[in-house]
Amino acid sequence: MAVGLFCFLTGLVIIFQACLAAGLPWGAASMGGKYPGKYPPKMRKIALLNILILLAMASIVLIRAGIILPAFLPFASIAIWVLAAYFVAGTIMNIITPSKIERIWAPVTFIQLVTCVIIAMG
């Protein structure tokens, strides 16, 4: 259940990043609201890079859960704790962001944190 929930939430974030990259005017809900409206071209490229990073994160979770690429389990067993630390920071940043709309991501990153820890300990 934790793996499915993590991947579902990560999929939502990937869709959001794809929408930013495509030019949807949702910039206020990201990066502290620094780019309200459409992202500028450089930030659209960053959104695409974020998608790749999110896919790598999901891969680490799937490997640690024993679902894919068992040869990488030793790496994923360490990397999942790095992800957990990332989601601690992400949760804090989403709570304290000056952008009120961006705070909607705090529960998402918190649940990703909890699911990472469950998977890491499993």
Side-chain angles (χ1 to χ4, degrees):
M1 174 153 167
V3 174
L5 184 54
F6 180 90
C7 288
F8 173 76
L9 292 173
T10 302
L12 289 179
V13 180
I14 287 170
I15 291 168
F16 175 72
Q17 291 293 324
C19 289
L20 290 172
L24 269 68
W26 296 349
S30 181
M31 302 297 292
K34 184 176 179 179
Y35 304 98
K38 293 181 180 182
Y39 262 6
K42 179 180 178 182
M43 290 307 297
R44 290 184 190 190
K45 291 176 185 172
I46 300 287
L48 292 172
L49 178 61
N50 287 341
I51 291 170
L52 295 176
I53 292 167
L54 289 161
L55 289 169
M57 290 176 172
S59 296
I60 289 167
V61 167
L62 291 169
I63 293 166
R64 177 61 185 95
I67 296 172
I68 63 170
L69 304 172
F72 291 97
L73 183 57
F75 166 77
S77 296
I78 296 167
I80 195 143
W81 290 108
V82 174
L83 291 184
Y86 171 85
F87 287 114
V88 166
T91 300
I92 293 168
M93 295 303 290
N94 284 320
I95 289 170
I96 66 170
T97 179
S99 170
K100 289 183 182 181
I101 187 70
E102 188 177 7
R103 293 181 194 148
I104 63 169
W105 296 113
V108 173
T109 53
F110 179 73
I111 294 169
Q112 287 174 305
L113 164 62
V114 170
T115 55
C116 268
V117 171
I118 291 169
I119 294 160
M121 295 177 71

Under a 4.5 Å cut-off applied to non-hydrogen side-chain atoms, are [X] and [Y] in contact?
X	Y	value
V61	I80	yes
I60	F72	no
M93	I96	yes

Has T97 got a side-chain atom pairing as donor or acceptor with N94's backbone, closer than 3.5 angstrom?
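No, the answer is negative, given that no donor and acceptor are paired below the 3.5 Å cut-off.
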
Side chain T91, main chain F87, donor-acceptor under 3.5 Å
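Yes, the answer is positive, given that a donor and an acceptor are paired below the 3.5 Å cut-off.
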
With a sphere of 6.0 Å drawn around CD1 of I101, does it hold more than 12 non-hydrogen atoms of other residues, nucleotides or ligands?
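Atom CD1 in I101 is not packed in, count stays at 12 or less.
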
How far does [atom1] of [X] sit from [atom2] of [Y], to the nearest 0.5 angstrom?
X	Y	atom1	atom2	result
L12	C7	CG	SG	11.5 Å
L49	L54	CG	CG	9.5 Å
M43	I46	CE	CD1	5.5 Å
Y86	Q112	OH	CD	8.5 Å

Shared hydrophobic cluster, [X] / [Y] (ILVMFWY, side-chain heavy atoms < 4.5 Å):
X	Y	answer
M121	L83	yes
L62	I53	yes
M1	F110	no
L52	L9	no
I67	V117	yes

Show which side-chain atoms of residues 13-36 pair as donor or acceptor with protein atoms under 3.5 Å away, not counting sequence neighbours.
| unit_1 | atom_1 | unit_2 | atom_2 | d |
| --- | --- | --- | --- | --- |
| Q17 | OE1 | N50 | ND2 | 3.2 |
| S30 | OG | Y39 | OH | 2.7 |

Closest non-hydrogen atom pair, [X] against [Y]:
X	Y	result
L69	I63	O-CG2, 3.6 Å
A65	V3	CB-CG2, 3.4 Å
I68	S59	CD1-O, 4.1 Å
A58	T10	CB-CG2, 4.4 Å

Decide yes or no on side chain to side chain contact (heavy atoms under 4.5 Å, CB included) for I95 and R103, but give the supporting numbers first.
CA-CA 6 Å; I95 289 170; R103 293 181 194 148; over 6 Å; no

